[in-house]
Amino acid sequence: MPQKSLDEFCSLFGGGNKKINERAPSESQEEVGEEEIEESMEEQQIIAREDLAPRDLPPSYLVSVGYDGSRASAYVKLYEPVSQRIYVWHDNTGHKPYLFTNIPPEELQRLERVVNHPSFDHFEVNEKYDALYDRNIKVTKVVARDPLAIGGRPKGCLRDIIPEDYPLIFGNNNEVKVWEAAIKYYQCYIYDRGLLPGMLYKIESGELIPYMHEESEKAVKQVIENLIHVKSEPSDLSPYMEFWARLLEYPAPKMRRVSLDIEVYSPVATRVPDPEEASQPVICTSLVSSDGRKRVLLLKREGIEEGDMSSLGDASIEFYESEKDLLQSIFNVLNDYPFIITFNGDDFDLNYLYHRAKNLGFSRSEVPIEKGQKICSLKYSVHIDLYRFFLNRSIQIYAFAQKYRNVTLDEVAEALIGRSKLELSKPVSEVSYAELAKYCLNDAEITFALTSFDDDLVMKLLMVLTRISRMPMEDVSRQGVSRWIRSFMQYEHRRRNMLIPNDEDIIEARGTTATKAIIKGKKYMGAIVVKPMPGVHFNVAVMDFQSLYPSIIKVYNLGYQTVRCVHEECRDNLVPGTPHWICKKHRALESALIGSLRDLRVGWYKPKAKDKSLLSEQRNWYSVIQSALKVILNASYGVFGAEVFDLYCPPAAEATSAIGRNIITQTINKARELGIEVIYGDTDSLFLKNPNREQIRSLVEWAEKTLGMELEADKIYRYTVLSSRKKNYLGVFEDGGVDVKGLTGKKRHIPPFIKRYFDAIEDRLSRVKTPAEFEVAKKDIERIIRECYMKLKNREWEDINDLAFEVVLGKVPEAYDKTTPQHVKAALILQAKGIEIKAGDTIKFVKITREPFVKPVQLAASKEIDVDKYIGYLRTTFDQVLDALNLEFDEIIGLTRLEQFM
DNA sequence: GCGGACTGCTTACCT
DNA sequence: ACAGGTAAGCAGTCCGCG
């Protein structure tokens, strides 16, 4: 982007560079109703004076879109990267909320509750493409003045009134349909205006227009040329690839931000004050910003010791006589910074400040916090609650490789940046100013560091996901992957003038599944797992299909539109193993979007992220992109089969896995035909024993030609250890690295005592180079196991914690009504001792000899331990490896066969 | 009344 | 609130046992 100085920018603004926070927002229009169901920013209002949005704004990033109730219009938040401020632009196109219905206007006219609705505006007739039945239909657009009139309100909104009242006048024989009434207004605004959150816009003479970034446009061209030339993609996907590439190639700004953490006085040391009541004072607040400032705001209180302030380093310490002044200082910061980072700020910090401010007599306009049902947003900035972001399962698993388990500031920080929370010597309300300040500052520091590590990885990831999903940053950071996918698919519907079907329309038109799942209670059959060939196998190539399911969705043209389509002539295009057929006439929207995204990741971003010839900064950006794509693609098949997904289409999900089974089966057969031994496989992978180059080449070529699928050698193991169990193996790489999959010895809940010995075996195995060396290694492994056994048998453990199982409580203890598993028993014992137990807590327990045979580790004594139970556990854990090595646990520990039976 | 065979529940994992 | 498949341990149930 052309670099301009701040001064130049200021001159563009005519009226000078007034700070947004200096403007007093007006009173808001109405309270958020308690019954409000949709968590929505529609309820929250940006109130600002007319001159808030400049007539002209240099290129800025669109970071958020919302609805302003007082103006009854949409607004857009733009982050201007040079002044590093957010500017709010209000819609000037008169765009209004609406829904579609199949009832013609002349009939709707007779529904009094519709036409007399206080927010009713007018009817229009539109033609839309109905993809389920491959036809154009006429629909009535019912336009309203207030989004809540469409949906959202539990009673009296148009979405409900139309189907309720229509039969009263016209009888029951006509099926009344209402479409697109559950889409949040600001999303609707994004779709209709074709806005791209995360991308560059400028304001010229009051108009919001996209900003073309020349350099990035060149990069987009390059991506497309490369991919089309190299791979000769089906040409109908090229426009999609170009669209995605533009979203991904545009630069990301440095995001000026501040992290916030508050501490609250508590009269009861073990209780955190309720933020809804906010009855206690805020005694400390820390602010750590991207411009290197660290501030600690402390409330003066009677009888609190000063403590040693010298340990607070470069932070500025500010004492406040009045809590109101302290809050005002916080609010000034919230108004100043464009991005506010918290850890659990939705539930606690901002929520507390919001209510506390009310209690202290702040007027609504003086408080920059807007409270929704579950989220706290900010009037002039973007609030990112990292707790919500890190809680996202897809982010946890695919972006951060399950490095953290429990989503607490302490655990996430420990896992990702190697920092932890500080311990307090006394309850927060009693410690010295210095200790309180240090503790609070540390939290704000690590909260900030969670957004800055790896060159601002998290902020960049959010930016990329914002672009892909076409959602406001606030939403993308809080919602799950199915919402992201829904959003960009809805966008595409509107772009193509397609009617967005209701979920029941899809089920009605496409029916349900036909195969039987192996697991009870599941809806359809999933993937194939090949029975492993037990033993030690040297020189194993693991081949896999790159993004198998997304590839299937692309190549086989899967989507709600194409699976079991309405055309007679497509019925012969059957999915093997199912009664379903696939459309031969049209490309499904999902197939186009997912397919193009897959090709971009596989063909461009993944290789670029590893390309050593690039600058590390560039490579880093590509790696952010490819991991964001990974998160989306990994979920793209699952959403078809998820009832919560708006385009839920069970036969499409079923077709995907059925084709997957067919592909892997064919590939196994082909491999065997080529004389390769297939020793294991799971879903999209094949373990090939000692294949030669030529065999691999033939197989890859065959897959490409016959299946249209990219098969690649994912990794080569020097050797693998397979037991007879599926999803259980160990592989040693040429460089001695070890992959351990599914083995009990690696599971997180097992006692550290056992884990350590398992690790020792793993380490020993990593040093085995040849089959001959195995014999020596086996002896060592026997020794390791014997030592473990003897230590247990002789009760020689140093710390009882080493013997603790750590199992996560899936729900509150009372909710286990079918059975009482051991960890729940332990949890109940803790609860009886007055210790608070929540769902998601990790329970540490040991096995003991007497009823009830388990005890929370903190209550157990060493002598109670049931050693035989542990030895039994040892046996099953090590058997998973010993099986393959032809060793017997009982022989190793010195039991003869005879003794085993006595 | 007890033990074995069985099913179901629960957690942790794999793709 | 993405999917299904697998392993393992334990809780609970049923049934046979002169």
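Note that these values count all heavy atoms, side chains included, but never hydrogens, waters or copies made by symmetry. Naming: A, B, ... by sequence-line order, numbering from 1 per chain. It should be emphasised that the depicted structure is a prediction, and the values quoted were computed from it without experimental measurement.
- Across the protein-nucleic acid pair, A:Phe645 atom CZ and C:dA3 atom C1' stand 13 Å apart, rounded to whole Å.
- Here A:Gln880 lies in heavy-atom contact (under 4.0 Å) with sugar-phosphate atoms only.
- When heavy atoms are screened at a 4.0 angstrom cut-off, A:Lys847 is found touching the sugar-phosphate backbone but no base atom.
- Looking at the side chain of A:Thr820, the nearest of the listed nucleotides C:dA8, C:dG12, C:dC2 is C:dG12.
- For the pair A:Leu633 CG and C:dA3 P, the computed distance is 17 Å after rounding to whole Å.
- Here A:Gly526 lies in heavy-atom contact (under 4.0 Å) with sugar-phosphate atoms only.
- A:Ile395 has its CD1 atom 12 Å from the P atom of C:dA1, to the nearest Å.
- Checking A:Ile528 against A:Thr876, the closest nucleotide of DNA chain C that is more toward the 5' end is the one next to A:Ile528.
- Atom CG in A:Leu722 sits about 16 Å away from atom P in C:dT6, given to the nearest Å.
- For the pair A:Ile485 CD1 and C:dA3 C1', the interatomic distance rounds to 12 Å; values are reported in whole Å.
- Residue A:Ile518 is classed as a sugar-phosphate contact, given heavy-atom separations below 4.0 Å to backbone atoms only.
- Here C:dC2 is the nucleotide among C:dT6, C:dC2, C:dG9 with the atom lying nearest to any side-chain atom of A:Val639.
- If you take OH of A:Tyr873 and C1' of C:dA7, they are 10 Å apart, rounded to a whole angstrom.
- Residue A:Ala517 is classed as a sugar-phosphate contact, given heavy-atom separations below 4.0 Å to backbone atoms only.
- Residue-level contact check: A:Lys825 touches the backbone only, with heavy atoms under 4.0 Å from sugar-phosphate atoms and none from bases.
- An OP1 or OP2 oxygen of C:dA8 is reached within less than 4.0 angstrom by a side-chain nitrogen or oxygen of A:Arg725.
- Using cut-offs of 30° and 60° on the angle between ring planes, the pair A:Phe488 and A:Trp244 is perpendicular.
- Remark: A:Lys847 is not positioned above the aromatic ring of A:Tyr870, lacking an NZ or CZ atom under 6.0 angstrom from the ring centre and at most 45 degrees off the axis.
- Note on A:Tyr524: only backbone sugar-phosphate atoms sit closer than 4.0 angstrom, heavy atoms only; bases stay farther off.
- Separating the CZ atom of A:Phe805 from the P atom of C:dA8 is a distance of 14 Å, rounded to the nearest angstrom.
- Between A:Ile829 and A:Pro852, the closest side-chain pair of non-hydrogen atoms falls below 4.5 Å.
- To the nearest angstrom, P of C:dG9 lies 17 Å from CZ of A:Phe853.
- Distance check, rounded to the nearest 0.5 Å: CZ of A:Arg672 to CD1 of A:Ile668 gives 6.0 Å.
- A cation-pi arrangement, defined by a distance under 6.0 Å to the six-membered ring centre and an angle within 45 degrees of its axis, is absent between A:Arg875 and A:Phe889.
- With A:Ser657 contributing its side chain and A:Ala527 its backbone, the two residues share no donor-acceptor pair below 3.5 Å.
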Task: Contact state string [nucleotides 8-15 of chain B, B base, S sugar-phosphate only, - no protein heavy atom under 4.0 Å] - done: SSSSBSBS
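- Comparing C:dG5, C:dT6, C:dG4 by their closest approach to the side chain of A:Met525 singles out C:dG5.
- Nucleic acid contact for A:Phe640: none, since no nucleic acid atom lies under 4.0 Å from a heavy atom of the residue.
- Side-chain N/O atoms of A:Asp475 and A:Tyr186 include a donor and acceptor closer than 3.5 Å.
- A distance-only check finds no donor-acceptor pair linking the side chain of A:Ser547 to the backbone of A:Pro550 [under 3.5 Å].
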